[in-house]
Amino acid sequence: MTDIERAKALLAGEKSLVLCKGEKTIESTKRGVAPMVDFLREGVDLTGFSAADRVVGKAAAMLFVKAGGVEVDAEVLS
């Protein structure tokens, strides 16, 4: 199973964002761009992670790129 497939499979219930890279998984239940902003402020290295998100707009997409993400899957793009 690829990282993006695993992230999509884990995106359930109240989770709004799941990031996967190898055996590492990061999950959040925060809404909007808040999880990505928090990760960037905390200095979390997200280089090479794949993300599954409920809703991705332009701002969130730019944050994924800034964080070094490699691919994003979303239920809704705006």
Side-chain angles (χ1 to χ4, degrees):
M1 182 178 279
T2 65
D3 290 338
I4 194 68
E5 291 171 335
R6 195 159 57 89
K8 287 170 32 177
L10 292 172
L11 186 65
E14 295 186 22
K15 296 175 194 163
S16 61
L17 172 66
V18 177
L19 299 157
C20 293
K21 178 181 176 185
E23 296 299 317
K24 297 179 186 175
T25 302
I26 301 170
E27 301 173 351
S28 179
T29 57
K30 293 183 180 180
R31 297 175 49 121
V33 296
M36 289 302 298
V37 170
D38 289 347
F39 296 146
L40 290 171
R41 281 185 182 156
E42 294 167 6
V44 177
D45 183 13
L46 298 177
T47 305
F49 274 79
S50 297
D53 200 337
R54 299 251 181 237
V55 179
V56 174
K58 184 176 180 180
M62 292 174 72
L63 290 173
F64 286 124
V65 170
K66 181 174 176 67
V70 294
E71 57 189 332
V72 177
D73 181 84
E75 294 176 8
V76 177
L77 296 172
S78 64

Sequence neighbours left out, what passes side chain to side chain donor-acceptor pair (under 3.5 Å) with Lys15? Give chain and number order.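 Side chain to side chain donor-acceptor pair (under 3.5 Å) list for Lys15, sorted by chain: Glu27.
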
Cluster companions of Leu11 among Ile, Leu, Val, Met, Phe, Trp, Tyr (side-chain spacing under 4.5 Å): Leu10, Val18

With ILVMFWY side chains joined below 4.5 Å, transitively, what does Met1's cluster contain besides itself? none

Shortest non-hydrogen contact between Ser16 and Asp53, atoms and distance: O-OD1, 2.7 Å

What heavy-atom pair brings Ala7 and Ala51 nearest, and what distance separates the two atoms?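 Shortest heavy-atom contact: CB-C, 4.4 Å.
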
With sequence neighbours excluded, residues passing side-chain contact (heavy atoms from CB on, under 4.5 Å) with Thr2: Ile4, Glu5

Please tabulate, one pair per line, all N/O donor-acceptor pairs under 3.5 Å involving side-chain atoms of residues 56-78, not counting sequence neighbours.
residue, atom, partner, partner atom, Å
Glu71, OE2, Ser50, OG, 3.1
Glu75, OE2, Arg54, NH1, 2.7

Acceptor/donor pairs from residues 36-47 side chains to any protein atom, 3.5 angstrom cut, sequence neighbours excluded:
residue, atom, partner, partner atom, Å
Asp38, OD2, Lys30, NZ, 2.3
Asp45, OD1, Thr47, N, 3.1
Asp45, OD1, Thr47, OG1, 2.7

Arg31 CZ to Leu17 CG distance, which is reported to the nearest 0.5 Å: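 Separation between the atoms: 13.5 Å.
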
